[in-house]
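Every heavy atom of this structure was used, including side-chain atoms; hydrogens, water molecules and symmetry mates were not.
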Amino acid sequence: MVLLDRGAITEARAVLSSVSPKDLNQSEVSFVRGRLAWEAIQMENENYALDDVRRFWQAAVRENPDNPAYLHALGWAYYGEGNYDNAVNNWYQAIALIKEKSGHDDDIFHVYAGLALAFKEIAREEK
């Protein structure tokens, strides 16, 4: 994740290419693969699409549905696709898990920000 935080897409891709095929479906690996695709898209890299991001993050959630970070990320993929209802559902699940596990997490504010943006889009669609 450190490489992706620095925008080192090429280096992160190289590290991921060393993951054994039997480990590619582990939730952590799927999450990082989605994050790589997300960051690459932000840098206008045409080798990835939002569909890739969503599929990787869906796989991470499928393998570990109680991880609020995975749900939070998947919400952003849905938001990016304009699927605001699914984004909202994932973010509500993330909030519930954060509150259940720790009561408070600084990342919860990012989830609430996503909810606000999604509700704004939903309201705009209903006009």
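- Under the side-chain contact (heavy atoms from CB on, under 4.5 Å) criterion, Glu11 pairs with Leu3, Ala8, not counting sequence neighbours.
- The two atoms that bring Ser30 and Ala59 nearest to each other are OG-CB, 3.7 Å, heavy atoms only.
- Side-chain atoms of Trp91 do not come within 3.5 Å of backbone N or O of Gly114 as any donor-acceptor pair.
- Residues satisfying the ring-ring contact (aromatic ring centres under 6.0 Å, His included) test with Tyr79, not counting sequence neighbours, are Trp76, Tyr84.
- The two residues Ala118 and Val88 make their nearest non-hydrogen contact at CB-CG2, 3.7 Å.
- Side-chain polar atoms of Gln93 and Asn90 form no donor-acceptor pair below 3.5 angstrom.
- Linking Ile, Leu, Val, Met, Phe, Trp and Tyr residues whenever their side-chain heavy atoms come within less than 4.5 Å places Ile108 and Phe119 in a single cluster.
- A continuous path of Ile, Leu, Val, Met, Phe, Trp and Tyr side chains, each step under 4.5 Å between heavy atoms, connects Leu74 with Leu50, placing both in one hydrophobic cluster.
- Contact check for Glu63 versus Gln26: no side-chain heavy atoms found under the 4.5 Å cut-off.
- Among residue pairs with one or both ends in residues 65-85, those qualifying as salt bridge (charged side-chain N to carboxylate O under 4.0 Å, His left out) are Arg54-Glu81; sequence neighbours excluded.
- Residues passing the side-chain contact (heavy atoms from CB on, under 4.5 Å) test with Ala69 are Asn67, sequence neighbours excluded.
- Residues Leu4 and Val15 fall into different hydrophobic clusters, defined by Ile, Leu, Val, Met, Phe, Trp and Tyr side chains chained together at heavy-atom separations under 4.5 Å.
- Across all their heavy atoms, Gly7 and Met43 have their closest contact at O-CE, 3.3 Å.
- With sequence neighbours left out, Thr10 forms a side-chain contact (heavy atoms from CB on, under 4.5 Å) with no residue at all.
- Partners of Gln42 under the side chain to side chain donor-acceptor pair (under 3.5 Å) rule, at least two apart in sequence or in another chain, do not exist in this structure.
- Listed by chain and number, the residues in a ring-ring contact (aromatic ring centres under 6.0 Å, His included) with Tyr70 are Phe31 (sequence neighbours excluded).
- Residue-environment remark: CD (Glu125) exceeds the threshold of 12 foreign heavy atoms within 6.0 Å.
- Listed by chain and residue number, Asp51, Asp52 satisfy the salt bridge (Lys or Arg N to Asp or Glu O under 4.0 Å) test with Arg55 (two or more places apart in sequence, or in another chain).
- Residues satisfying the salt bridge (Lys or Arg N to Asp or Glu O under 4.0 Å) test with Arg35, not counting sequence neighbours, are Asp5, Glu39.
- Applying the side chain to side chain donor-acceptor pair (under 3.5 Å) rule to Tyr92 yields no partners; only residues at least two apart in sequence or on another chain are considered.
- With sequence neighbours left out, Glu28 forms a salt bridge (Lys or Arg N to Asp or Glu O under 4.0 Å) with no residue at all.
- For Leu24, the side-chain contact (heavy atoms from CB on, under 4.5 Å) partners two or more places apart in sequence, or in a different chain, are Val19, Val29, Arg33.
- The two atoms that bring Ile98 and Pro68 nearest to each other are CG1-CB, 3.6 Å, heavy atoms only.
- The line from CZ of Arg62 to CG of Asn25 is 8.5 Å long, rounded to the nearest 0.5 Å.
- Using bins of under 30°, 30° to 60° and over 60° for the plane-to-plane angle, the ring pair Trp57/Trp38 lands in the tilted bin.
- Grouping the Ile, Leu, Val, Met, Phe, Trp and Tyr side chains by contacts below 4.5 angstrom, directly or via other members, places Ile9 apart from Phe56.
- Phe109 is connected to Val111 through a chain of hydrophobic side-chain contacts under 4.5 Å among Ile, Leu, Val, Met, Phe, Trp and Tyr, so both are in one cluster.
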